[in-house]
Number of protein chains: 2
Amino acid sequence: MVAPDAQRSAPPRAFRPSGKVLPEHARGHNRSLVLQTLYRGGLASRADLARETGLTRVTISDLVAELMNDDLVIETGQRGESRPGKPAILLDINRTGFQIVGVDLSETGVFRGAVLDLDGTVVTRLEVETGGASGAEVTRIATRLTLELVAAADRPLLGVGIGSPGVVGIDGTVLSAPNLGWEGEPLQATIAQATGLGVVVANDANAAALAERSFGDAQGDLMLIRVGRGVGAGLIVGGTLLHGSRFAAGEIGHVVVGTDGGALCACGKHGCLETWLAVPHLRDGLAQAASASERDAVLHRAGERLGIALAPVVGALNLDEVVISGPVELLDGPLLGAAIETFRTRTMPEFHGALAVRMSALGQDIVMRGAAAMVLAGRLGVS
Amino acid sequence: MVAPDAQRSAPPRAFRPSGKVLPEHARGHNRSLVLQTLYRGGLASRADLARETGLTRVTISDLVAELMNDDLVIETGQRGESRPGKPAILLDINRTGFQIVGVDLSETGVFRGAVLDLDGTVVTRLEVETGGASGAEVTRIATRLTLELVAAADRPLLGVGIGSPGVVGIDGTVLSAPNLGWEGEPLQATIAQATGLGVVVANDANAAALAERSFGDAQGDLMLIRVGRGVGAGLIVGGTLLHGSRFAAGEIGHVVVGTDGGALCACGKHGCLETWLAVPHLRDGLAQAASASERDAVLHRAGERLGIALAPVVGALNLDEVVISGPVELLDGPLLGAAIETFRTRTMPEFHGALAVRMSALGQDIVMRGAAAMVLAGRLGVS
DNA sequence: TTAGTTCGTACGCTTTACTAACAAACATGG
DNA sequence: CCATGTTTGTTAGTAAAGCGTACGAACTAA
């Protein structure tokens, strides 16, 4: 179903470039502040918002009027409680008034996508097989999937978010994604051209980390480890995603772990993290295992290597959480336990006492929900 | 010599708390932008500043008038070149008009301090032996040293910066510094009380990292490794210092390195980074070595361990630079070479190709110059 | 019925940066 | 030597943004 106004232009971007700051930038910031407060806290009156943000009621009224004019905020009636004084008119973000398209290109052989509402809830889901496609053919498949999702939306779209494997530049160019046969692929520009919408592209592990922050249980600084055909990570430090100087932050799959050799990796080195932890290697190891205890040993070894590799990172960044995303049947159990145990024995008690290591609860939707979170952050300043 | 106005109140802080943004905050940001442009670029006219910042000449004139009123910016005469048009009046930061006190408490047995100008150049230097003092006695010694430096300044002071060992909270409380016998020591408050000036306290490795960014050759994201009685690190990512969720970012001395045991550490674990790299251990190893080649082997092993520990961090953060600070005669040579070689063999060519690993050129003054940089950043928004 | 409280809005003010316009001070070319 | 063009810095007026004060509306409590 295509709504007539599904491609209506969305409100202006809430992003402040570095450099000079004009009054209008401050306005944008305060706009986002109001949206953020409503997004996190739910229903609130104008007076509530004034108290929470520190702005005056007058300014809040003005900002809310602007946001209601953009259809981003709606009045939901009077507050029920019986209190002295004039009853408050409750406000909320128009959570079902806009939608977002989120796409996940990281799975082997299949691209997933969804139409989501502003809460990150999946409204419509689509999948396409990619077969053995690569290069320009992959771009065509991804574009077609995105267009179908755009057509499936029945509300104005806030934008399109895409999580891609490989190294992704800040401008949404996929600098390198060997699995898809991409090298310097201008994905953001291509999809923006095809859809006429705002498009954000990021690495899949980074998108997953954002999902964990926005829709998961994450509290503070966190590292999300994504285990699939390869191993990647996304880092959120001080509330924002870490990109790295060449946009390659989180690329830990080909760091050598331990000082005792290891299997030969596709990259030519011995003992890369991927040779222990990537799903194909885990499945191979389990297939060759004769007994249940041997299978446990394979998983235990993998978890141990993960702990060895990450202990210096956790120590150096003083992280709160390490969250693992991937096939639950492989990761949640001996592997996770061994990783936690290894952290405990290799870092300072002061740190691993505060450190939480756990599986993500977001499952297979994590990347496309993270992609939606990128759109929310980019266009509304909400996270 | 004490100038009569040495403790004259310094200009207002250039810090914007998170939350709402008022027009005056934007003003402060633009003030800092002008100062930063002058600080980095040197002499410039009002028209030059307008072109570089994107603000109009009118606004720049207004900001400059304000900064000249605060004595932070001075006119240095007309431009020499012969060009058409009205000759430009060149401006500069009043680099010798204010001074900063920087203190380094990280050395064993001696506290160093200095009076510095706004360029981070040392004007006056002072040292005190600490003997075997600890706890409150150490606080008294540090306070006395700071007061002597304040008295030695002959210009109004912008503030006091202190680099302390241990874990330092955002409010300048030293949460834990075993070597000094401090536990929850409110150093910032104590020194601020004693001097009546603005005081900033940070971990010594963090201060050193800031020094490397402000006064060294650092370009982008960097990790500074400080090797002394222990081993610590400071991380600068995206231009700002990384604190960690419990202010313990960079505490990598007690992360276990390798999978082949190692010497017993004071912390109870085996094979901590410090057991290979800390200066006392290096000197012990060298003393026990019989030949030059054995001494090289000791240093080589230490560098190798450093590389093993940091490879995952460099990979995860996609750093540009790793800078090492400490005794040059121990670190610069086989140790540094082995560290570089180890990085090369344990990370992806895409990353270590861009990675620079080198010694700091700032020598023994690095911590107190970093402390001065903290004051510059905190009070003027300049870095 | 009266007093007190809370909510949302109208009005006028201050701050900030902008545009337009202008005088000052230089180089260049006829 | 003088007219012309260029660049600099300043003056005057305008638009945007948030604040404080004040007020009516709508409710509770006595």
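Each chain gets a letter, A, B and so on, in the order the sequences are listed, and its residues count up from 1.
The salt bridge (charged side-chain N to carboxylate O under 4.0 Å, His left out) contacts involving residues 206-218 of chain A comprise A:Glu212-A:Arg358, where partners must be two or more places apart or lie in separate chains. Sorted pairs that involve residues 32-42 of chain A and meet salt bridge (charged side-chain N to carboxylate O under 4.0 Å, His left out), not counting sequence neighbours, are lacking altogether. Sequence neighbours left out, the pairs with a member in residues 234-246 of chain A that pass salt bridge (charged side-chain N to carboxylate O under 4.0 Å, His left out) are A:Arg246-B:Asp320. Sorted by first and then second residue, the pairs that involve residues 41-57 of chain B and meet salt bridge (charged side-chain N to carboxylate O under 4.0 Å, His left out), not counting sequence neighbours, are B:Arg46-B:Glu75, B:Asp48-B:Arg51, B:Asp48-B:Arg79.
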Shorter than 3.5 Å, N or O on both sides, protein versus nucleotides 28-30 of chain D: list them out with atom names.
unit_1 : atom_1 : unit_2  : atom_2 : d
D:dT28 : OP1    : A:Ser82 : OG     : 3.2

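Here the range on DNA chain C touched by chain B, meaning any atom under 4.0 Å from one of its heavy atoms, is C:dT16 to C:dA27.
Atom CG in B:Leu91 sits roughly 12 Å away from atom P in D:dT8 (whole-Å rounding). As a whole-Å value, the separation of A:His25 NE2 from D:dA15 P is 20 Å.
A donor-acceptor pair under 3.5 Å is formed between the side chain of B:Thr190 and the backbone N or O of B:Pro186.
Annotation: cation-pi geometry not satisfied between B:Arg155 and B:Phe98 (NZ/CZ under 6.0 angstrom from ring centroid, within 45° of ring axis).
Of all the residues in residues 57-69 of chain B, B:Arg57, B:Val58, B:Ser61 reach under 4.0 Å from DNA chain D with at least one non-hydrogen atom. A heavy atom lying under 4.0 Å from DNA chain D marks none of the residues of residues 36-47 of chain A.
Looking at residues two or more places apart in sequence or on another chain, you find a side chain to side chain donor-acceptor pair (under 3.5 Å) between B:Thr173 and B:Asp171. Applying the side chain to side chain donor-acceptor pair (under 3.5 Å) rule to B:Gln193 yields no partners; only residues at least two apart in sequence or on another chain are considered. Every residue was checked against the side chain to side chain donor-acceptor pair (under 3.5 Å) condition with A:Ser214, not counting sequence neighbours, and none meets it. Partners of A:Thr56 under the side chain to side chain donor-acceptor pair (under 3.5 Å) rule, at least two apart in sequence or in another chain, are A:Thr59.
Atoms CG and CG, from B:Leu72 and B:Asn94 in turn, are 7.5 Å apart once rounded to the nearest 0.5 Å.
Using a 4.0 Å heavy-atom criterion, one finds that B:Arg51 contacts the sugar-phosphate atoms exclusively.
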